[in-house]
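The structure appears right after this line, and notes come after that.
Order of the sequence lines fixes the chain letters, A, B, ..., with proteins taken first and strands second; residue numbering starts at 1 for each chain.
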Amino acid sequence: MTDGNFLIQAHQLTRIYPMGRTDVIGINRLDLEIAPGELVVIKGNSGSGKSTLLSLLAGLDRPTGGGLTVAGVDLAAATESLLTRYRRSVIGMVFQNFNLLPTLTVMENACLPALLAGTAYEQVAGKAVDLLRWLGLEHRKDHLPSQLSGGELQRTAIARALINQPQIILADEPTGNLDSRNGKAVVELLAGLNRDRQRTVIIATHSNLADPHATCMIHLKDGEIAGRA
Amino acid sequence: MRPIALFFRLFVWFSWRHFMKHRVRALIVVAGIALGASVFTSVRLSVHASLNSFTKSIDLITGRSDAVLSLPGGRVPEDLLPAVLQQPEVSHASALMTTYVKAAGDEMEPFLLIGFDPLSDRPFRDWEAQRGTAGSDSPWLGLMADPFTVLLSEPLARRHGWQAGDNLTLAHDRDHAIFRVLGILKPEGLGLAEGGRVALTDVATFQEFSGLHGVVDRIDLKLTAAVSPVSLEELGRQWADLLPEGLQITSPSEAGESGRSMIRAYQLNLSILSFASLFVGMFLVYSLVALNAASRRHELAVMRATGASPGLVFALFLTEGVLLGAGGWLAAIPLSGLLVSYMLRGVSQTISTLFVRVHVDTVFLQPWEVLLSFGVTLLISLLAAVQPAREAMLVEAGEALTTARLQRSRKDSAGKMAGVSLALIGAAVPLSRLPAVAGIPLAGYVAILSLFVGFAMLAPWGLQRFGATVSPMLNRLAGVPATLAGRYVRDSGTRTAISVGALITAVSLFTALVIMVHSFRETVQLWVHQTVSGDLFVAGKLSAVNHFRDPAPERLRKGLLRLTASVEPVRSRRFGLKTGNFDYELDLLDLGSFLRHGRFVWVDGNPKALQSRLIDGEGVLISEVFANRTGLEVGDRYVAQVEHFAVELPVLGIVRDYRTRGGVVFYDRAAFTMRYADPSWSTVRLFFRQRPEDFDAALTALRREIIDRCGSHLEMVAGEELRAAILRIFDETFTVTFVLLLIALSIAALGITTTLAVQVLERLPQFNTMIAVGAAVEQVRSMVFWEALLLITAGEIAGLMCGFLLSYLLIYVVNVQSFGWSFIYSVNWKALAASLPLIVGTALLAALPAIRLIFRQPPAILLRDR
Ligand SMILES: Nc1ncnc2c1ncn2[C@@H]1O[C@H](COP(=O)(O)OP(=O)(O)OP(=O)(O)O)[C@@H](O)[C@H]1O
Ligand SMILES: [Mg+2]
């Protein structure tokens with residue numbers, strides 16, 4: 001097993017939520033390897049551990065057992081500040097309910113991660129405009145989230161996820177709050193990123209929209225991998 | 001019945017359980033209200049107790065008389081008594097004398113010695129001696145039969161350990177004498193007067209003791225028919241031949257009226273001040289109910305979708321407010337119990353030094369006061385809940401169908417509110433010009449309220465402008481988190497802004513009180529150093545407690561004539577007089593000598609031009625309080641009956657004076673002697689003609705010389721000491737004020753804690769998103785910190801502005817209308833500069849719990865949030 005070949009490596013990865021006397025299993029002794037440039041679709045029933053896995057990959061949560069190395073960062077052992085840098089530079093996230101900041105405009109939402117990383121607004125603005133143009137949002141750039149449709153919101157979230165040019169894009173049920181046409185458009189965007197820009201994309205979803213683009217399908221059941229194709 | 005039961009069931013399901021789930025927040029709000037309510041209640045109860053004790057004491061001494069015969073500034077000849085008794089209108093008459101005395105060799109408080117005729121006084125006043133203490137069956141017989149016997153009130157006897165049969169030496173301004181204790185009074189009737197610090201003696205003994213032969217303080221009358229004040233005047237005219245010049249017949253109901261109205265004014269002012277605490281607490285209720293309304297929008301939409309009427313939703317949220325108020329009030333009960341004992345001491349001391357002597361030991365729970373505090377607390381909480389309840393009511397059922405939790409874009413009402421608030425702030429100007437209503441600065445209070453509300457309503461617009469102005473600067477100065485914070489402050493809308501209102505109110509109160517107390521103190525200091533000037537003050541013993549009403553003992557007067565030439569005496573005689581219901585002093589003093597060493601603090605009139613006219617006795621100076629109470633101005637004529645003389649003189653000027661009660665008229669003593677009669681003098685202050693090189697040694701020598709020449713039955717106090725004592729008493733007087741202020745500030749701090757915590761809790765998903773897109777935890781924390789800092793700074797700036805306006809109202813409207821005095825406006829920049837950063841610091845400390853709330857749960861919660 002040569003580390004260098006894989007972007008993501010999980011070994012006996014475990015996340016258990018202690019809930020009083022009983023423990024709830026989120027992810028259980030999971031072994032997983034993902035090479036750069038893949039488009040992984042994670043499936044599984046509700047409660048099977050998809051979101052748990054994504055949050056571990058995103059560095060939003062820490063494993064309670066096992067090891068997880070992403071892009072050379074040992075997430076189980078990383079310090080808080082390393083995790084922050086990791087989230088900034090390695091990961092871009094897309095959520096089911098968009099999670100845009102309501103008081104920031106589309107443009108500002110898109111720029112936010114770069115600004116947080118210390119880039120000056122002037123430097124990042126051009127790139128953000130390019131992204132928004134690419135996503136068909138240029139005319140909406142000074143609008144507030146409350147004035148946008150679901151599809152536009154999710155595209156804004158994608159712009160935000162891309163602004164720091166992350167290697168990996170994580171999407172948790174990105175089409176869950178969208179109609180089928182908008183959902184399809186979003187999936188195609190993500191697939192395009194994977195195809196044209198060589199991003200590694202991981203999508204957790206119930207829908208079949210992303211299946212045709214997948215290079216790898218993972219089925220989770222009770223926090224374990226029930227099948228991989 | 002059914003709908004009510006349903007309502008309560010829904011309330012328990014929907015609101016109560018939510019409260020229970022977020023107990024800490026609810027408890028903080030309840031604590032804030034409790035603090036406010038307890039301050040309000042305990043202050044009112046304390047002042048009420050003072051007022052009660054004062055009124056009771058006056059009433060007990062006044063007794064059941066229908067009319068009182070007295071001589072303004074002097075005493076009534078005793079032989080009038082049999083003459084009056086012969087009049088057909090009179091059924092009973094009784095002579096009365098009072099003076100404050102002290103037990104010799106005892107530094108305890110002076111107490112009131114009442115001299116009367118125990119027999120003829122029976123119809124007027126009730127008192128009884130305790131069984132077995134008075135020797136014989138009828139102690140009043142004993143009082144009359146044995147000269148120099150006294151009956152002591154029970155608390156007095158207990159305090160000193162005196163018992164029946166003991167001998168004690170009592171001193172008054174002229175002399176001292178040995179009295180035998182005949183018995184102890186039961187704690188009822190006269191035995192309760194002066195807070196139970198009285199002694200009774202026979203009037204003849206009293207005269208013998210005080211050297212006041214042939215005169216009494218007053219004669220109380222019981223009339224055969226019910227008599228109204230109008231017919232009292234008539235009676236005076238009918239008895240014109242009988243009564244010597246100047247004698248007056250007045251109604252006993254006037255007794256103590258001026259003291260009572262002063263205490264009432266003080267009570268009102270303290271009530272308003274303590275009400276501020278409740279007002280600040282109101283913002284707490286507002287914050288919590290508004291949070292519940294906003295954070296539960298989705299639930300509300302679902303409720304509406306399942307059939308709840310807007311009215312029901314409105315009622316639910318209003319009830320939340322009422323519940324918080326009721327909870328706070330209940331919690332206030334034990335708290336008030338603790339506070340009241342402290343307040344009682346402070347309040348009664350203040351009243352005693354500023355207005356009238358009161359003795360208070362206990363508070364009675366006034367049902368009316370308890371009801372008032374309940375009503376006020378509930379009303380405040382209800383009002384605070386109205387606006388959030390309205391917002392909740394307007395949630396549409398359709399919102400239940402939207403999954404994305406985005407705030408609807410709000411219509412911009414900040415501008416409109418700013419217009420209203422400017423109108424409110426502006427309204428303070430005309431309001432402050434309106435006169436008092438029945439001695440109450442009603443319009444002034446309304447002006448204060450409109451200032452508070454105006455500034456609280458200005459907050460949304462102010463924050464918008466403030467945020468817009470600072471956020472570009474912050475970007476350069478402090479990076480992204482600060483910019484975002486500025487942005488949040490700009491956009492956060494009405495709710496955040498109104499919560500800043502608590503801070504604005506507290507800071508403005510603080511600023512205004514600091515300025516007012518400082519101005520008051522500076523002015524008093526100026527007055528003390530100019531008008532209470534003098535190197536040594538000398539008077540007969542106990543002369544001061546008895547308001548210098550009697551001339552100094554002869555030995556003192558004669559002795560002082562032969563004093564060393566290096567000192568210049570300024571002699572003074574004071575008469576306690578009355579105009580309408582207002583008590584004041586006529587102070588006759590050696591103006592020529594006084595003006596060589598001291599000065600008046602002028603309000604109106606030209607000091608230079610008037611100096612010689614004053615010394616020549618061409619007119620009087622009146623104090624500001626006297627002017628405001630009587631409406632007299634420079635050029636008007638001052639008219640008074642002083643003993644047997646009808647005095648009428650022009651008013652030459654108005655000066656500041658801050659002695660107890662504050663109403664004074666100054667006139668030259670020599671001029672009075674020439675025009676009317678020698679009033680003699682009761683107190684003298686001595687000035688060294690030239691400041692001796694060794695001042696202390698010279699003063700000691702002077703003291704010794706006075707004792708050598710005049711004996712030791714006198715009181716002497718060095719000018720420095722007297723002035724220091726006045727200022728010390730002054731400072732003590734304001735401790736109650738500052739305790740109240742401190743409590744208001746604490747409630748404001750609680751307000752900051754809840755407001756910020758609420759804002760943080762509401763935005764947790766946003767913070768987690770920020771983390772997910774690459775923010776460091778420190779960045780989010782620093783953002784929230786900057787938010788707090790910006791909100792606090794904005795609140796402080798607005799509070800400062802409001803405070804300056806408020807200080808004008810307090811000094812030039814409320815004080816003038818309540819107490820008749822104003823001060824020279826002076827800002828204590830040092831204290832303000834030192835304390836305002838302290839307030840910012842404290843406020844930031846109060847913000848800490850909110851900042852700590854941020855990452856109690858891992859940000860991964862975001863992926864479960866839908
Ligand atoms: N913070 C938490 N505390 C306790 N249990 C949790 C927590 N997060 C997840 N779980 C539990 O872990 C298991 C996996 O949850 P997860 O959210 O990862 O499922 P999922 O596959 O994303 O489901 P869905 O398709 O409904 O989004 C579930 O049983 C869930 O109840
Ligand atoms: Mg999930």
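- The local environment of CG in A:N45 is sparse, with at most 12 non-hydrogen atoms from other residues, nucleotides or ligands closer than 6.0 Å.
- Of the possible donor and acceptor atoms, one in the side chain of A:R88 sits under 3.5 Å from a partner among the backbone N and O of B:G774.
- Taking both residues in full, the closest heavy atoms of A:L60 and B:I771 are given as CD2-CG2, 3.9 Å, listed atom of the first, atom of the second, then distance.
- Looking only at side-chain heavy atoms (C-beta outward), B:V773 and A:M93 stay at 4.5 Å or farther from each other.
- Surrounding CZ of B:R390 are at most 12 heavy atoms belonging to other residues, nucleotides or ligands under 6.0 Å away.
- Within 6.0 Å of CZ in A:R62 there are more than 12 heavy atoms belonging to other residues, nucleotides or ligands.
- The shortest distance between side-chain heavy atoms of B:L484 and A:L112 falls below 4.5 Å.
- The distance from atom CZ of A:F95 to atom CG of B:N768, rounded to the nearest 0.5 Å, is 9.0 Å.
- No more than 12 heavy atoms of other residues, nucleotides or ligands sit less than 6.0 Å from atom CE of A:M19.
- Under the 4.5 Å side-chain criterion, counting only non-hydrogen atoms from C-beta, A:T84 is not in contact with B:V777.
- Around CH2 of B:W16, the count of heavy atoms belonging to other residues, nucleotides or ligands within 6.0 Å does not exceed 12.
- Proximity to chain B (any heavy atom under 4.5 Å) is restricted, for A:E108, to the side chain, taken from C-beta onward.
- Note that the CD atom of B:Q766 and the CG atom of A:L100 stand 10.0 Å from one another [nearest 0.5 Å].
- Within 6.0 Å of NZ on A:K127 lie more than 12 heavy atoms contributed by other residues, nucleotides or ligands.
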